[in-house]
Structure formats: structure tokens, C-alpha cells
Amino acid sequence: MTNPVSPSQVFDRRLLRQRRSRYAGQFAAHDFLHRVTAESLLERRADMRHALPRVLALGCPEHLIAPALAAHGAQVVQAEQLSGLLPSAGLRVVLDEELLPFAPGCFDLIVSNLALQFVNDLPGTLRQCRSALRADGVLLAALPGGQTLHELRACFYQAEQESMGGVSPRIAPNIASDSAAGLLQRAGFVMPVVDSELIEVVYPDPFTLLRELRVQWGGNGLHDRWQRCTPRRLFVRMAELYGQTYPAENGGIRATFEIIYLHGWTPPA
């Protein structure tokens, strides 16, 4: 007998961890989006004049965020679900982002790069980040926004309606930019700043996009996903619709990623 899934458990985090572990060795070859968002996060850190020496890089693969921060004198603790994405030396912690193991006031800065979108309780994780920061500490985070992969979502929806007479969850829900500031405030952050950007990426075909999503994030990890083998005709029809509806100018297909940047301070002492 299986235990019922709580309504609050949107993501099967165990499945996502297993899939990400399987593809960890390929991650660096498919980290384009993570590199773009890492540069934006580092630019935001560079714009601050405050000394923030104790840093938690939460879910940031080793080669993107930590070396740049350490080069400017920060002591960086790198934390990830997968040990395979952490460096072999230095301060590192293998953890679950939903259960941060840090005492209050440990850090001056927490940076998270595309790592919090699959937590089942994002407000709760943000509150834990708030607790782990000292007074006048900062959270910088990048998450996919609601417009991410809207093309893929629409094509899967239509293909399933045509091929199977119904739809099942395939693309993860993401936060809307207009609700992000409220999430920060409810978690106890002050002076929240939220901005977003749309990044359009061209892929040769929808199947290349799906492979990249699998390596980056583990693919479809929704609890309510279709559990049986998906008929091949569904993917074929989805690819046909995608190529017809969202062609790139010089061949291939277009995929949109909306990136939301969160910037919040903890209250002063």
C-alpha cells in the first residue's frame, strides 16, 4: 500500500534527485542558462558596496558562482543536493533545500542560482534562508518565472488533447513575477526588489530541448505526472505542432525562459 501524496507535494523530489544524479556528469555541457543567470547574480552582488564576507551558495554548481565570490575575499560554503556537483575541496554541504541545516545568523549573503523552483514549500524555504542570514544580510536568487517554456506547454497540451483525449501535468509551474515581492515580504525580508528578463533560446528541434531540460533539471518531476509509458505518437505530434507554431528565423524552434531575480534584505539589528 502506498502512502497518499500530500496536496502540498507538487514535486517528486526523490525522483528529481535520482535523475539529476544520473546526468550530473553531463551538466557542464548543458549549463548555458545557469551561466547566464550566474553572471546576472554576480553583477547584482558587484553593485552592492556592503561587506558580505560569509556566503552560502545554495544550489550553485561549483564552477559558476563560488570562485568569483571567493576571488573577492568571501568565505563561501557551497551547498547542493548532489555531491557530484560540489567541489572536491573547500567548505561544502550536501543538503535538501527544503531543510536547511544552518543555525540562525550564519551568513551575510545567500546566493541561489536556479535551485529553488522545485521545492514544495518555497515560502518555507525562503523563511529558512531569512533565519540563516544575519541582520542586514542579503538574499539573491534566480528562479524560472511563469512564462518559462510556454511554447512547450502549449504544444504538449494540444497534442495530448488530440492524441489522448485529455491532458496530464508535464511542465512545472513557476512563480509569477508580480507575486515574488510578496513572497519575500512574507518570509521576513525588507526592501524587496524583483525584476525579470526573457531569454529566447533556439534549439534544432523539440527533442534537443527536452534532452537539455532532463540534464539541467531532471525532466518531469511532478507528482501528478503520467505514470505509464507515454505513446510515441504524442511526442511526434508535439514536435510537429512546435515546429509549425514556434519556428526560429533561421531554422529550429524557439524556447522562452523567463528568469525572475529576487533581492531582499534582512532587517537591521
Side-chain angles (χ1 to χ4, degrees), residues 6-11 13 33-34 36-60 65 69 74 76-77 79-81 95-150 172-199 217 257-269:
S6 165
S8 64
Q9 300 299 299
V10 177
F11 301 106
R13 289 177 56 77
L33 191 63
H34 288 75
V36 171
T37 52
E39 289 177 5
S40 292
L41 289 168
L42 290 170
E43 286 173 3
R44 285 164 169 76
R45 170 61 188 105
D47 288 340
M48 301 177 196
R49 301 187 178 216
H50 302 71
L52 301 167
R54 298 173 299 168
V55 180
L56 172 64
L58 180 59
C60 300
I65 294 282
L69 295 172
V76 184
V77 175
E80 240 287 349
Q81 264 198 328
L95 52 67
D96 184 337
E97 295 92 350
E98 292 187 332
L99 297 169
L100 300 185
F102 304 111
C106 283
F107 301 104
D108 303 291
L109 170 66
I110 295 178
V111 182
S112 178
N113 186 21
L114 300 179
L116 300 182
Q117 64 269 23
F118 296 130
V119 298
N120 284 304
D121 180 13
L122 180 57
T125 297
L126 291 176
R127 285 193 293 271
Q128 292 181 62
C129 289
R130 159 70 184 85
S131 175
L133 287 165
R134 65 162 176 82
D136 281 328
V138 186
L139 170 70
L140 286 176
L143 296 89
Q147 296 186 59
T148 295
L149 299 174
H150 69 85
N174 293 304
I175 65 170
S177 57
D178 57 3
S179 66
L183 285 175
L184 287 172
Q185 290 173 324
R186 288 197 295 275
F189 290 94
V190 297
M191 296 186 294
V193 177
V194 175
D195 61 285
S196 65
E197 64 175 331
L198 294 179
I199 301 173
W217 289 322
F257 295 88
E258 180 188 18
I259 306 300
I260 297 176
Y261 295 96
L262 309 182
H263 179 177
W265 294 84
T266 57

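Note: hydrogens, waters and symmetry copies are ignored here, and every other heavy atom, side chains too, is used. Bear in mind that the values here come from a model prediction, so they are computed numbers and not experimental data.
For the pair Ser112 (side chain) and Leu58 (backbone), a donor-acceptor distance under 3.5 Å is present. A donor-acceptor pair under 3.5 Å links the side-chain atoms of Thr266 to the main chain of Gly137, judged by distance alone. A donor-acceptor pair under 3.5 Å is formed between the side chain of Glu98 and the backbone N or O of Asn120. Proximity of a side-chain donor or acceptor of Thr37 to a complementary backbone N or O of Leu33 within less than 3.5 Å is detected. Formation of a donor-acceptor pair under 3.5 Å by the Gln117 side chain with backbone atoms of Ala115 is found in this model. A donor-acceptor pair is defined here as one N or O able to donate and one able to accept, closer than 3.5 Å; such a pair exists between the side chain of Arg54 and the backbone of Cys106. Side-chain N or O atoms of Ser131 include none that pairs as donor or acceptor with a backbone N or O of Pro104 at under 3.5 Å.
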*Before giving the answer on side chain to side chain contact (heavy atoms under 4.5 Å, CB included), spell out for Arg44 and Asp195 the whole-Å C-alpha distance, their side-chain angles and the decisive distance to 0.1 Å.*
CA-CA 11 Å; Arg44 285 164 169 76; Asp195 61 285; 2.4 Å; yes
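Contact of the Met48 side chain with the Val138 side chain is registered, since non-hydrogen atoms from C-beta on lie closer than 4.5 Å. Residues Val36 and Phe257 form no side-chain contact, since every pair of their non-hydrogen atoms from C-beta on lies 4.5 Å or further apart.
In plain terms, the two heavy atoms of Phe107 and Val77 that are nearest each other are CE2-CG2, 3.9 Å. Nearest heavy atom pair, residue Leu52 against residue Asp136, reads CD2-O, 4.3 Å.
Atom CG of Leu140 is separated from atom CZ of Arg45 by 8.5 Å, given to the nearest 0.5 angstrom. For the atom pair Ile175 CD1 and Leu262 CG, the distance stands at 5.5 Å (nearest 0.5 Å). Note that the CG atom of Leu183 and the OG1 atom of Thr125 stand 11.0 Å from one another [nearest 0.5 Å]. Taking CD1 of Ile260 as the start and OG1 of Thr148 as the end, the distance is 7.5 Å to the nearest 0.5 Å. Expressed to the nearest 0.5 Å, how far CG of Asn113 lies from OG of Ser40 amounts to 9.0 Å.
When each of Leu133, Asp121, Leu100 is paired with Gln128, the side-chain contact (heavy atoms from CB on, under 4.5 Å) condition holds for Leu100 and for no other. Only one option out of Val119, Leu122, Asn174 pairs with Leu143 in a side-chain contact (heavy atoms from CB on, under 4.5 Å); it is Leu122.
Aromatic ring pairs are classed by plane angle as parallel below 30°, tilted from 30° to 60° and perpendicular above 60°; the pair Phe11 and Phe118 is perpendicular.
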